[in-house]
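Below is one structure; the comments refer to it alone.
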Amino acid sequence: QPGGLVREFEMSDQGEHSYTENEVPSEIRATFIHATDDDATALRSFIGVLTYECDTGQIYTVNGAVFKESGDLSNGEIEVTFGGPPAVLA
């Protein structure tokens, strides 16, 4: 998800509608192919810029992205989740 503003709508007892805005971080999940000479734990120290391309062709950048968590290493692949400030359309 690219992150950014999320609005939560509320309705008062008098029927008036309002909303609050909160900024949520971006979250990027990627699957890495793990070769025998790769160090899967090295991803934990990642802090930097992530750029990703959507299936629509749009390209987004997350400045200040960090490692968040990883899944199990299975069949030579590992799923990793990164987080950071909201993504920016490049």
Side-chain angles (χ1 to χ4, degrees):
Q1 77 176 12
L5 287 179
V6 173
R7 293 188 176 112
E8 294 182 30
F9 290 91
E10 302 169 352
M11 188 166 66
S12 70
D13 294 339
Q14 294 79 26
E16 296 176 5
H17 299 276
S18 64
Y19 64 90
T20 57
E21 291 182 335
N22 296 305
E23 187 172 88
V24 296
S26 61
E27 186 171 281
I28 301 118
R29 281 183 228 107
T31 301
F32 289 86
I33 297 172
H34 184 265
T36 57
D37 58 342
D38 291 335
D39 179 1
T41 62
L43 291 169
R44 293 181 186 150
S45 63
F46 178 84
I47 299 173
V49 177
L50 283 181
T51 301
Y52 64 95
E53 183 174 348
C54 300
D55 57 2
T56 61
Q58 290 180 316
I59 298 173
Y60 287 87
T61 300
V62 178
N63 294 303
V66 296
F67 170 88
K68 187 173 176 184
E69 63 185 350
S70 64
D72 294 329
L73 179 59
S74 177
N75 297 320
E77 295 184 344
I78 187 168
E79 185 173 293
V80 177
T81 304
F82 298 94
V88 177
L89 184 61

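All values derive from a computational prediction rather than experimental measurement.
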*Kindly give the heavy-atom pair with the smallest separation between S26 and P2, and that separation in Å.*
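Shortest heavy-atom separation between S26 and P2 comes out as CB-O, 3.4 Å.
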_Heavy-atom closest pair, residues T20 and E10_ =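 Looking at all heavy atoms of both residues, the shortest contact is CG2-OE2, 4.0 Å.
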Any chain of hydrophobic side-chain contacts (each under 4.5 Å) joining [X] to [Y]?
| X | Y | answer |
| --- | --- | --- |
| I78 | F67 | yes |
| Y52 | L89 | yes |
| I28 | V80 | yes |
| V6 | V88 | no |

Show the atom names and distances, to 0.1 Å, of all donor-acceptor pairs under 3.5 Å that link a side chain in residues 32-47 to residues at least two apart or in another chain.
residue: H34; atom: NE2; partner: D38; partner atom: O; Å: 3.2
residue: D38; atom: OD2; partner: A35; partner atom: N; Å: 2.9
residue: D39; atom: OD1; partner: T41; partner atom: N; Å: 3.1
residue: D39; atom: OD1; partner: T41; partner atom: OG1; Å: 2.5
residue: D39; atom: OD2; partner: T41; partner atom: OG1; Å: 3.4
residue: S45; atom: OG; partner: A42; partner atom: O; Å: 2.9

Separation of [Y] [atom2] from [X] [atom1] (nearest 0.5 Å):
| X | Y | atom1 | atom2 | answer |
| --- | --- | --- | --- | --- |
| E21 | R7 | CD | CZ | 4.5 Å |
| E77 | T31 | CD | OG1 | 6.0 Å |
| S18 | E8 | OG | CD | 11.0 Å |

*Within residues 50-69 or reaching into it, pairs that qualify as salt bridge (Lys or Arg N to Asp or Glu O under 4.0 Å) - sequence neighbours excluded*: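 Non-adjacent pairs meeting salt bridge (Lys or Arg N to Asp or Glu O under 4.0 Å): E27-K68.
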*Should the heavy atoms of other residues, nucleotides or ligands under 6.0 Å from CG of N75 be counted, would the total exceed 12?*
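No, CG of N75 has 12 or fewer neighbouring heavy atoms, counting only those of other groups under 6.0 Å.
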_Quick one, P86 and Y60 - any side-chain contact, counting heavy atoms below 4.5 Å?_
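Answer no - side chains too far apart.
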